[in-house]
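The structure appears right after this line, and notes come after that.
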4 protein chains.
Amino acid sequence: MFSSPLNIADKTFQSRLFTGTGKFPSSANMQEALLASGSELVTVALKRVDLAEEQDDILRHLSHPQFHLLPNTSGVRTAKEAIFAAQLAREALETNWLKLEIHPDPKYLLPDPIETLKAAEELVKLGFVVLPYIHADPVLCKHLEEVGTAAVMPLGAPIGSNKGLRTRDFLEIIIEQSRVPVIVDAGIGAPSHAAEAMELGADAVLVNTAIAVSEDPVKMALAFRLAVEAGRMAYEAKLAQPRTFAEASSPLTAFLEEDHV
Amino acid sequence: MFSSPLNIADKTFQSRLFTGTGKFPSSANMQEALLASGSELVTVALKRVDLAEEQDDILRHLSHPQFHLLPNTSGVRTAKEAIFAAQLAREALETNWLKLEIHPDPKYLLPDPIETLKAAEELVKLGFVVLPYIHADPVLCKHLEEVGTAAVMPLGAPIGSNKGLRTRDFLEIIIEQSRVPVIVDAGIGAPSHAAEAMELGADAVLVNTAIAVSEDPVKMALAFRLAVEAGRMAYEAKLAQPRTFAEASSPLTAFLEEDHV
Amino acid sequence: MFSSPLNIADKTFQSRLFTGTGKFPSSANMQEALLASGSELVTVALKRVDLAEEQDDILRHLSHPQFHLLPNTSGVRTAKEAIFAAQLAREALETNWLKLEIHPDPKYLLPDPIETLKAAEELVKLGFVVLPYIHADPVLCKHLEEVGTAAVMPLGAPIGSNKGLRTRDFLEIIIEQSRVPVIVDAGIGAPSHAAEAMELGADAVLVNTAIAVSEDPVKMALAFRLAVEAGRMAYEAKLAQPRTFAEASSPLTAFLEEDHV
Amino acid sequence: MFSSPLNIADKTFQSRLFTGTGKFPSSANMQEALLASGSELVTVALKRVDLAEEQDDILRHLSHPQFHLLPNTSGVRTAKEAIFAAQLAREALETNWLKLEIHPDPKYLLPDPIETLKAAEELVKLGFVVLPYIHADPVLCKHLEEVGTAAVMPLGAPIGSNKGLRTRDFLEIIIEQSRVPVIVDAGIGAPSHAAEAMELGADAVLVNTAIAVSEDPVKMALAFRLAVEAGRMAYEAKLAQPRTFAEASSPLTAFLEEDHV
């Protein structure tokens, strides 16, 4: 549309809305929604695709020139498992892009900072374009940038919680300090949350649950597309700051005491 | 675009973004931004136009088939002054639509509930289509509806503060209870705020300062247009609720322990 | 304890925690909790006491030198009903103090600004010391002050919601502008909320549900007593403002590079 | 006072308010404020005391039976520096308790998760009682617990920011999952923030800036003492949950239509 494109590693994206593929009512509905979203980077859980089966239903529906695949390692609990999964994914899906997710905790699925950094360092050496999913921890983001990740993906709130930017104070610091793109991942439950992330200066957002579980995923995908675009344009056009004292948009004059009365 | 139209009194609006005309760098810039916003209802302060002068600069730039004018009574402090101003406006601008604003306090410009209700009742009897700007007070909204206002315009935060939906808990009650359209007015400082209001089920929003004072009002106007559309579509497609416990969008299975390993 | 006393009309209070009497497990438990709270002003719903019965159970348990009674008009829907109820209360309970509550809506029990102002004006003329429960509407507060109410009692959130200071932005304006004591009423669900109200500069808070429905009302009453005292002392000792940039409480010096290494 | 005591490692504390020693107007004022706070654990930056000088002014004012010293490693940037500093502290201050702080970033002083875990593991082996200052990262907290730290000290907001519990969603998860005491450190700028942390179930809070820089540190120390006690008692007495629908504390009956009228 009207905002500037985004570069990550060797690719350029017109859309700053990245999407996931879980929880849709059907693969056909997923395809329609993701096309409507305008998303060009689509993450897919390695464990959910049948790597042995060329005609895997999900992959078949993602085989479209609009989409780049971003395999993720969801389900692994250690750096070692992640590296193994990454290699499987590269071979099967023919891409060296990887969303690195390591979450040992099955309840909140929060990412492990220690194992993630360890895996990231190794995967970069192995030639992967690594996009790590992490807590909104500015110091960890700097470590990841230093070992060569292509971006950082801090969370806004626990995955699937739809709570929005609960980590806002820390996202602002990450955005201020980062020299690689910042993609807000997890917790984005409404288009307003996505717009807010973009207004803060995030480079992109990743949305899955909020689109997939709505009553009309195609319409919701379009809503997110517009919201991300809106937030980015607002960031580029620069927002006014909040003010404690109000100031009328119509400057106050007691006009009735003047010439009209 | 893709969301449902809005009816107020005898008019139908495709756009749910209403706009104001104060604080723009120039009338030409105002015109360009408001056209880009898609707004079909534009409020103009009676005191800022020169009623005696047919070629008033602001009015001339609003003379376009996209725009309906919504004169406002900004600057008056009592019901009596408001009624007088309304009659002047009707005569001069040839519309019986009126944004009723009565704010005796020059610092925060907060609306007066007592004088507003009194004026609204009288103006409805005088044949005006009354849209009152008020505090987010659900009981006051019911009173206004009962005397026949065409909509209610509760504030999100003090006018010009850009703080967003600080009255969110009360807006939700107003939206639940109202039988006339609810237009969130004042405090909306970013596209994400506008989207949030629409997601809650507001029928429209009114934005002025946030567009007019940005570095690029035309781009910001377009951002708000998209955000309002996004929020409305999300409302229609139904958002998922926030959850305390996270649930992975990729259902967790320890896939590495399974057949792939 | 250690903070300054509060004057309202002709009375001086050492405690800035006002309390209600509904929802306690028993009258005996209510008495014990209210004594523990240190509260000197206790509101009682006229409809809940048996005015004809001298030995009414609630009133008997409130007959203690620590407590002043503050009858309230909870349950009335109009100014006329409120005035009638007030006169009954004055006669039966032998006090001209009155918490004026008018809420026509049975779901959220939000106060009616129009009827409340009308009743307040009349009740002041009739010699009552009027403390009106109202929305956090700064303009309405000024109107009430002008007709002579002894205080204003804006809500923090819908009554019984326990949500805390959702109206914080407006409470700050009310506190800044008011020349009569500001008592935050309704919505206070935790000692931290009460402390926050006092830190903002509120003169007192009124708490009922949060004490009465806890598992241990006596302990919770004591918790609120300490929190109100803490908030008031912090207000008097002046809090530091929030800062965007952190500053270490231990000034940073790379001491290891110095003489110790 | 009235709430339960706290055990950490081999010590029992009556007070759940831990304090810092930076930024006070004078050592005498610091001493008076810390005594008033009731605090029994007082952190002191190694770099700020003159280890070679027995009569160091700060240490002399902390030599009181109420206080246990908790040396901190503020100013170090790596695990290696932290271990060296810890050993110096143990020798000089004759305690094996240690607040482990590693923050490479001089602007926000945010803690380094990688270096902190590495240092914690080593220091536990060296016989230290380790209390690490960290981001509110639940997975990191579990790692630290597993290597044997005596507590975890997640931050509420950037140190010195006074912003309160911006990490609340994550603190709740940490408190739910932790088997060692959780001490909320950094960001607590008001007694209401301290009370909120305790209400969530935190075991203690550490406060420094908010006390030291107020206009009256002694009064503010007392305010925090009461607020921490209030929050803990409320946690023990159990708070009611927030509700969407209000419920009157005075059950509504249209009493005026009944026998009284």
Side-chain angles (χ1 to χ4, degrees), chain C residues 2 20 22-23 45 47-48 74-76 81 84-85 88 106-109 158-163 189-192 195-196 199 208-210 213-216 219-220 222-223 226-227 229-231 233-234 236-243 245-256 260, chain D residues 2 20 22-23 45 47-48 74-76 81 84-85 88 106-109 158-163 189-192 195-196 199 208-210 212-216 219-220 222-223 226-227 229-231 233-234 236-243 245-250 252-256 260:
Chain C
F2 312 98
K23 299 188 187 173
K47 66 183 180 232
R48 293 181 58 245
S74 179
V76 308
E81 288 180 1
F84 182 76
L88 275 184
K107 184 166 180 189
Y108 296 103
L109 297 174
I159 192 169
S161 71
N162 297 318
K163 287 185 174 180
S192 58
E196 184 186 356
E199 288 162 5
N208 183 353
T209 304
V213 308
S214 87
E215 291 195 4
D216 184 344
K219 194 167 195 171
M220 192 61 86
L222 196 43
L226 298 180
E229 187 67 21
M233 290 174 73
E236 293 180 359
K238 289 207 169 54
L239 289 164
Q241 289 305 301
R243 304 163 56 97
F245 298 108
E247 185 186 319
S249 40
S250 316
L252 187 78
T253 55
F255 78 104
L256 289 174
H260 300 299
Chain D
F2 310 98
K23 299 186 186 175
K47 67 187 178 225
R48 294 182 58 245
S74 178
V76 309
E81 288 179 3
F84 182 76
L88 275 183
K107 184 167 180 190
Y108 296 102
L109 298 173
I159 193 168
S161 72
N162 297 317
K163 287 186 175 179
S192 58
E196 184 186 356
E199 288 162 4
N208 184 352
T209 305
V213 308
S214 86
E215 289 194 5
D216 184 343
K219 193 167 195 172
M220 192 61 86
L222 195 45
L226 298 179
E229 186 66 20
M233 290 174 73
E236 293 180 359
K238 290 207 167 53
L239 288 165
Q241 289 305 300
R243 304 162 56 97
F245 298 109
E247 187 186 319
S249 39
S250 316
L252 187 76
T253 56
F255 80 103
L256 288 174
H260 299 301

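All figures in this text were calculated on a predicted structure; none of them were measured in a lab. The figures that follow rest on heavy atoms only: side chains count, while hydrogens, waters and symmetry mates do not. Chain A is the first sequence line, chain B the second, and so forth, proteins listed ahead of strands; every chain is numbered from 1.
Taking chain D as the reference chain and counting heavy-atom pairs below 4.5 Å, the highest number among C:Pro191, C:Gly231, C:Ala227 is found for C:Pro191. Heavy-atom pairs under 4.5 Å with chain C peak, among D:Ala240, D:Ala195, D:Ala234, at D:Ala234.
Closest approach of D:Ser214 to C:Lys238, counting heavy atoms only: CB-O, 3.2 Å. For D:Ala237 against C:Lys219, the heavy-atom pair with the smallest separation is CB-CB, 4.0 Å. Nearest heavy atom pair, residue D:Ala223 against residue C:Met233, reads CB-CB, 3.9 Å. D:Gly189 approaches C:Leu239 most closely through the heavy-atom pair O-CD2, 3.4 Å.
For chain D, the nearby part of C:Glu199 is the side chain; its heavy atoms alone come within less than 4.5 Å. For C:Ala210, no part sits under 4.5 Å from any heavy atom of chain D, backbone or side chain.
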